Amino acid sequence: MSAAGQPGAPIAFKRNAREALGDAQLRRNFRGAMDSLMAKRLVQFPDGDELERLRAFGNRVRARALSKLPELLERLEANLTRNGVKVHWAETVDEANAIVQRIAETHAAKKVIKGKSMVSEEMEMNHFLAARGVDCLESDMGEFIVQLREEKPSHIIMPAIHLNAGQVAKLFHDKLDVEYTEDVDRLIRIGRETLRRKFFEADIGVSGVNFAIAETGSLLLVENEGNGRMSTTVPPVHIAVTGIEKVVENLRDVVPLLSLLTRSATGQAITTYVNVISGPRKDEELDGPREVHLVLLDNGRSQAFADSELRQTLNCIRCGACMNHCPVYTRIGGHAYGTVYPGPIGKIVTPHMLGLEVTRDLPTASSMCGACGEVCPVKIPIPALLRRLREEAVRPPQAEPHFMRGQGAKYSAKESMVWKAWRKMNTSPVLYKAFTYAGTRFRGLMPARIGPWTEHRSAPRLAPRTLHELAHDHLGDE
C-alpha cells in the first residue's frame, strides 16, 4: 500500500523474473546457497517419522494459538504491562511508524540501531525515520550489507544470500574504505568492528519478535550474531515490533517451535542465542534498557484470520524453508517478487498486506510442485492457499461474500463466461458425452499421425530423473 493507504501499481513480477533469469551470477549464487541449505536441513531431520510427528505437533500449537488469538493477545498485553512493558496497537504500517516516531521524539532520539526484523521491513521503518532526521542502522550482518547496497532483503532469514564474497568485498571496500579482501572471516570482522561502537551511540534499539508468550508476558528472539542481544540491552530504550500472529499460549509451546524453526531455517540444532525479554531493567540490575515498548501490528493479518482456510497463512514461523526448496525462487531470487516476503510464503502472505490488485501475479508464480507444503515445519498447505488466492483474483469484484481486498483483480467477464461454459460441460453427463463425441469425430479429420503421445494417448517413457534435475529444468538452465 502507499503511504496514504491506497493501492499502488501492480508488482511487475513477470518483468522482474525475466531480468533475474538473465543474471547468470545471481542464479549461480542462489543455486549454491539453496543446495547448501537443503542439505543442512536434511542432516537435521534424518528420521522422517520424527519430523512428521514434530511437524504435526507444531501445527497443533500454532492452530491452537490462532483459535484463541483475541484472548491470547489480551492476556499478552496484560502480562507485559504487569512486567513494565508498554504495549501499542497498530492497524496499519502508518500507525506503527507513527508510534515509533512518538517514542523517538519523547526521548529526543537521533540514532536507532536495529536487530533483524521483517516487520520493520514491512513498515519501511528505516526510510520513515530517516525522512524525519533519525538515523536507523541495521546491525544484523546480512541486513547491514543490503542497507549499504540500498536494497531490500532477498530472503527472510539470510537477507544477503544473493551475494557472493567478491561482491561483499567490493561493497565494503567502496563504502567502508577498507582493504579489499574476499576472506569471509575478515569480512565479518570488518562488519562487526564497524557496528560495535554504534550500539553504544544509539538512543533506541529496535528488534523483531520470534514468539510472544502470553502466559509469562515475554518476548523471545533467536539469533546467531549477538546483535539482537546488543540491540535490546545496550541502548536505554528498546522497541520491539511484531505481527499479531506471533503470540503463543505458553512457554512450553515454544520448545517444539524453536526446534522446528532453527533446524528448518539454517540446519542448526539450536541458534547461538535465545533471548527472552520480560521487562525493562529493574533497580537492582546492572544492565538492560530503562524502557521497553512492544508494537503489535495488524497490516492485513486480521483479514486472513477472518477466513478459516486463509487463517492457516498465519501459522508461519518465518523459517524460509519453503523458499529454499522452491524451484521458482531458486531460479529468480527474492528481489523479483518485489515484496518484503518473497517465495512461496510471500505469495500467500503479501496479498493480505497489499491487496490482490497489487499482488495479482504472485499466486500464479508457482509450478505447484508442492515442495513448499511438504517442507513447511508447521504444515501450512501453501499450494492449496495459492489455489484459493487464484480463485479470489478471478472472482467477480462485487461477488459476496467478500473475503479479500482486491478481489477480482484478474477478473474478465469474457473469460468468466468461457470457464462457466467449461464447468457446465464437465458437470453435465449429457453435455460431456456430446463434447467428447464431437471431439472424437473432429480427431478423425486431423492428420493420421500427430505424434506418439497424442496418437497412443499415453506419455512416452522417460529415464528416471532426480528432483534436483527436475528443479533445474523448471525454468531452463543457464
Side-chain angles (χ1 to χ4, degrees), residues 30-64 66 155-158 161 245 256-269 304 308-334 336-337 341-351 362-391 462 464-475:
F30 268 97
R31 183 72 269 167
M34 297 301 102
D35 286 348
S36 174
L37 288 168
M38 287 191 288
K40 289 179 179 178
R41 176 187 177 276
L42 195 59
V43 169
Q44 286 296 326
F45 293 112
D47 184 346
D49 291 338
E50 183 222 3
L51 171 59
E52 288 310 305
R53 288 194 299 272
L54 197 55
R55 289 179 72 218
F57 189 67
N59 176 268
R60 289 196 299 272
V61 167
R62 293 299 297 132
R64 173 161 46 84
L66 289 175
H155 192 286
I156 62 175
I157 298 297
M158 292 146 287
I161 200 169
E245 82 282 11
L257 294 178
L258 274 180
S259 179
L260 284 165
L261 172 60
T262 57
R263 293 159 80 184
S264 299
T266 54
Q268 296 172 270
S308 59
E309 182 180 24
L310 297 174
R311 183 181 301 174
Q312 297 173 94
T313 303
L314 303 180
N315 281 348
C316 180
I317 58 175
R318 303 292 192 266
C319 70
C322 61
M323 300 178 190
N324 304 340
H325 293 74
C326 175
V328 177
Y329 175 87
T330 298
R331 303 297 282 176
I332 64 176
Y337 294 85
Y341 300 102
I345 189 60
K347 288 179 286 194
I348 64 172
V349 166
T350 311
L362 295 188
T364 56
S366 171
S367 67
M368 300 300 277
C369 66
C372 51
E374 290 179 10
V375 301
C376 176
V378 288
K379 303 188 74 170
I380 300 174
I382 297 177
L385 295 175
L386 287 172
R387 285 193 295 270
R388 170 66 186 280
L389 292 174
R390 292 178 183 186
E391 292 172 7
L462 300 175
R465 309 290 309 280
T466 66
L467 181 62
H468 179 74
E469 290 172 320
L470 291 172
H472 267 288
D473 290 346
H474 177 63
L475 292 173

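Keep in mind that this is a model prediction, so the values were computed, not measured.
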- If only atom types and distance count, is the side chain of R388 paired as donor or acceptor with the main-chain N or O of E309 below 3.5 Å? no
- Backbone N/O of C319 and side chain of S264: donor-acceptor pair under 3.5 Å: no
- Item | Working for side chain to side chain contact (heavy atoms under 4.5 Å, CB included), residues C376 and Q312 | CA-CA 12 Å; C376 176; Q312 297 173 94; over 6 Å; no
- Message: Does atom CZ (F57) have a neighbourhood of more than 12 heavy atoms from anything else shown, all under 6.0 Å?
- Response: no
- Query: Taking atom CD1 of I380 and atom CG of N315, what is their separation to the nearest 0.5 Å?
  - Reply: 5.0 Å
- Query: Heavy-atom distance under 4.5 Å between the side chains of S366 and V328, does that happen here?
  - Reply: no
- Could you grab the distance from atom CG of L37 to atom CE of M323, nearest 0.5 Å is fine? 11.5 Å
- Task: Grab the two heavy atoms, one from P342 and one from I156, that are nearest each other, plus how far apart they are.
- Result: CD-CG2, 4.1 Å
- Whether R41 side chain and N324 backbone form a donor-acceptor pair below 3.5 Å: no
- Quick one: CD on E245 to CZ on R311, what's the gap to the nearest 0.5 Å? 13.0 Å
- Query: With no hydrogens and no angle check, is any side-chain donor or acceptor of N59 less than 3.5 Å from a backbone partner on V378?
  - Reply: yes
- Within-4.5 Å side-chain heavy-atom neighbours: E52 and D49: no
- Message: Ignoring hydrogens, what is the shortest heavy-atom contact between L260 and G58? Give both atom names and the distance.
- Response: CD1-CA, 3.9 Å
- Report yes or no: does T330 contribute a side-chain atom to a donor-acceptor pair with the main-chain N or O of C326 at less than 3.5 Å? yes
- Exercise: identify the closest heavy-atom pair between P377 and I317: CG-CD1, 3.9 Å
- Which pair of heavy atoms, one from V375 and one from A321, lies closest together, and at what distance? CG2-O, 3.7 Å
- Message: Any side-chain to backbone donor/acceptor pair from Q44 onto G267? Under 3.5 Å, distance only.
- Response: yes
- Item | Exam field: side chain K40 to backbone Q268, donor-acceptor pair closer than 3.5 Å | no
- Task: Apply side chain to side chain contact (heavy atoms under 4.5 Å, CB included) to the pair K347 and Y337, showing each step before the final yes or no.
- Result: CA-CA 9 Å; K347 288 179 286 194; Y337 294 85; 4.1 Å; yes
- Query: Is there a side chain to side chain contact (heavy atoms under 4.5 Å, CB included) between V349 and I345 once you walk through the steps?
  - Reply: CA-CA 6 Å; V349 166; I345 189 60; 3.8 Å; yes
- Message: Under the criterion salt bridge (Lys or Arg N to Asp or Glu O under 4.0 Å), I'd like the reasoning laid out for R53 against E50: C-alpha separation, chi angles, the key distance, then a yes or no.
- Response: CA-CA 5 Å; R53 288 194 299 272; E50 183 222 3; over 6 Å; no
- Could you tell me the separation between the OH atom of Y329 and the CZ atom of F30, rounded to the nearest 0.5 Å? 4.0 Å
- Query: Which is it for C372 and H325 under the side chain to side chain contact (heavy atoms under 4.5 Å, CB included) test, yes or no, and what are the steps along the way?
  - Reply: CA-CA 6 Å; C372 51; H325 293 74; over 6 Å; no
- Atom pair CD1/CG of I382 and L386 - distance to nearest 0.5 Å: 7.0 Å
- Message: Strictly distance-based, threshold 3.5 Å: is any side-chain N or O of T313 a donor or acceptor partner for the main-chain N or O of L310?
- Response: yes
- Check P351 against G346 and note the closest heavy-atom contact, atom names and distance. CD-O, 3.8 Å
- Message: Measuring from atom NZ of K379 to atom CD of E374, what distance do you get when rounded to the nearest 0.5 angstrom?
- Response: 11.5 Å
